[in-house]
Amino acid sequence: IEQPTFPKITEMCVKMIRRVNDEEGIKKLVNETFQKLWFTPTPHHDKEAMTRKILNITDVVAACRDTGYDWFEQLLQNLLKSEEDASYKPVKKACTQLVDNLVEHILKYEESLSDSDNKGVNSGRLVACITTLFLFSKIRPQLMVRHAMTMQPYLTTKCSTQNDFMVICNVAKILELVVPLMEHPSETFLATIEEDLMKLIIKYGMTVVQHCVSCLGAVVNKVTQNYKFVWACFNRYYGALSKLKSQHQEDPNSTILTANKPALLRSLFTVGALCRHFDFDQEDFKGNSKVNIKDKVLELLMYFTKHSDEEVQTKAIIGLGFAFIQHPSLMFEQEVKTLYNSILSDKNCSVNLKIQVLKNLQTYLQEEDTRMQQADRDWKKVAKQEDLKEMGDISSGMSSSIMQLYLKQVLEAFFHTQSSVRHFALNVIALTLNQGLIHPVQCVPYLIAMGTDPEPSMRNKADQQLVEIDKKYAGFIHMKAVAGMKMSYQVQQAINTCPKDPVRGFRHDESSSALCSHLYSMIRGNRQHRRAFLISLLNLFDDTAKTEVNMLLYIADNLACFPYQTQEEPLFIMHHIDITLSVSGSNLLQSFKESMVKDKKKERKPSSDEETESDSNSGSESESEEEASKPR
């Protein structure tokens, strides 16, 4: 087995490839570099060059395991798109070579896994190769059609390590994309895949179940139409849930329920996963029965969301999320609205439940986005025959209505103390805005607030959304800037670990930059907007504004640390502070003088009893303190 490529080369490739979505000049350079490095056809006799290329690609894929593979998909799409209309397609030829050789390498690694010395290394390489094949399948599934039968036996991999589970999940994802494209696959091959997938669904945990049910959905819905096979599986888990519900209604504290908890959790998850990929209300499944399956499933899952065990509640909510992808209209049901909104808005509710509701909304939006993109591709293919665009518009209309129901509660989740809750809330809002499902102006103050988050990834994402809004709707950011500043103070209050300490408006690092520096840099370019924004902030210091003193400290910190570029900017602020002091400063001094005169008079007042005198003095002191602290 080949030795890994040099780590430094891999590291350089990882750094370069992540800039595939940068500005045009850098994007072009990245595309050209990797076209020469990876996507140029290799002479058939030069096996060594091909091996180096395979090792380099799989090393880079393995290095990006935790950060995601969007860069690879983007790179491949860019390169294949650039040669769509060309007669000679070198990138396509190189991809075919790479896929064929990756499959060869997988077979080599599989043989070598019996060698105990290199087992760990080769298992990691096997995962990297299969992951790379999945990435190719995602962009060009046709490349893997001839290798589908080679991949199928990997579904029977014995799972003892994390790598084994990753092999199964990636093979299931590849077959999901590739099997529907096969011309006349053998019945034995298809039956074997169905049986292998079903065994995995019954035996293993959530991640495996999710990918295997998804693969089964593609195979059954698009190829075999073996609905009875799936119906039997659904009834197995649905029946178990119904029985467990009856037992719980009879005796919520029954020991039988405790013993059956693993079965309950698996049934909740699997019923939901099956409902995501199969519409059991079709005649193909339930025959002539008049029973409404989706309503029955909703009733069952909703029952377990009220369970006393949080783990059961979470699995029930996951199941609901899956069912809503197949039947989005269920999210309009009153009991679902009440459940979601109460979990999101209740401050005492479990963090896990909040995160799961936000994940459900995120997954729904991602799935809708995928559907819309597919509908758009289909429409381009048969634009003259059917108006598929209109179908897409109807779908996006429902998504918009759904997000309007839950938008306020999702935005309010930005004020949660846990960063994971804020993270998923921001993901949902970003997806909603990217799909154009809501008017962006209502999100601007919240995005400004999230731009002050301590986690760089979150504030960068929020800032990016603001930049996109500013490009499309000039003036929106300025319009909501002050509201955003006030909201950012609320976010900082929520995440402040020491409530006794006042919230400060600058970063406690070497830069000491203002928390809202990105907001100021966006407004700074327009002199009229900049001045109006600064005056609005200074007006908050006016007595009539009655702004709490801690917020004033936060705003003063920001004003002191904004990234000013010209002398005119801070001088403008100083000039207006000077005017304010000349008007209200003398009044404030007079108020303090009057308070102090009253204190002195009270101190001179004679008293017969020493104890009474001390009491009256302490009383007058506290009164004078109160008087002095009152805003004038």
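Remember, predicted model here, so these are calculated numbers, not experimental data.
- Ring geometry, Phe39 versus Phe136: the interplanar angle exceeds 60°, so the pair is classed perpendicular (tilted spans 30 to 60°).
- Atom NZ of Lys286 has more than 12 neighbouring heavy atoms from other residues, nucleotides or ligands inside a 6.0 Å radius.
- Taking all atoms of both residues into account, the shortest heavy-atom contact from Gly217 to Phe278 is CA-CZ, 3.4 Å.
- The aromatic rings of Phe165 and Tyr204 lie perpendicular to each other, with more than 60° between the two planes, well past the 30° mark.
- There is a side-chain donor-acceptor pair under 3.5 Å between Thr161 and Asp164.
- In this pair, Phe280 and Phe234 present their aromatic rings parallel. The plane angle is below 30°, not in the 30 to 60° band.
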Kindly determine whether Met403 and Val428 satisfy side-chain contact (heavy atoms from CB on, under 4.5 Å), including the steps that lead there. CA-CA 9 Å; Met403 286 317 300; Val428 171; 3.6 Å; yes

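- Inter-residue side-chain proximity for His423 and Met458 is flagged as met; some heavy-atom pair is nearer than 4.5 Å.
- With respect to Glu468, the side-chain hydrogen bond (donor to acceptor under 3.5 Å, both in side chains) criterion is satisfied by exactly one of Gln465, Gln464, Lys472: Gln464.
- A donor atom on one side chain and an acceptor atom on the other are found under 3.5 Å apart for Tyr364 and Ser399.
- Looking at Ser214, its side chain never comes within 3.5 Å of a backbone N or O of Gln210 through a donor-acceptor pair.
- Under the 3.5 Å distance criterion, with hydrogens and angles disregarded, no donor-acceptor pair is assigned to the side chains of Asn170 and His211.
- Under the 4.5 Å side-chain criterion, counting only non-hydrogen atoms from C-beta, Arg140 is not in contact with Lys92.
- Neither side chain, Thr192 nor Gln152, offers a donor N or O lying under 3.5 Å from an acceptor on the other.
- Taking a 6.0 Å sphere around NZ of Lys47, one finds it holds 12 or fewer heavy atoms contributed by other residues, nucleotides or ligands.
- The heavy-atom pair separating Asn31 from Leu79 by the smallest distance is O-CD2, 3.6 Å.
- No side-chain donor from either of Asn352 and Gln356 sits under 3.5 Å from a side-chain acceptor of the other.
- A side-chain N or O of Asp369 and one of Gln373 form a donor-acceptor pair less than 3.5 Å apart.
- Checking side-chain atoms of Asp281 against main-chain N and O of Lys294 turns up a donor-acceptor pair under 3.5 Å.
- Residue Lys173 qualifies as enclosed at atom NZ: its count of foreign heavy atoms under 6.0 Å is above 12.
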Kindly indicate, with the supporting measurements, whether the criterion side-chain contact (heavy atoms from CB on, under 4.5 Å) is fulfilled by Val179 and Met182. CA-CA 5 Å; Val179 171; Met182 294 173 74; 4.3 Å; yes

ring-ring contact (aromatic ring centres under 6.0 Å, His included) between Phe269 and Tyr237: does it pass, once the steps are laid out? CA-CA 9 Å; Phe269 186 86; Tyr237 289 106; over 10 Å; no

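- Glu73 and Gln77 are not linked by any side-chain donor-acceptor pair at a separation below 3.5 angstrom, with hydrogens and angles left out of the test.
- Donor-acceptor pairing under 3.5 Å is lacking for the side chains of Asp284 and Gln225.
- Side chains of Gln313 and Thr305: no donor on one and acceptor on the other come within 3.5 Å.
- No hydrogens or angles considered: nothing links the side chains of Asn427 and Lys359 as a donor-acceptor pair under 3.5 Å.
- Donor-acceptor pairing under 3.5 Å is lacking for the side chains of Asn221 and Tyr227.
- Side-chain contact of Asp46 with Thr42: a donor-acceptor pair under 3.5 Å is absent, judged by distance alone.
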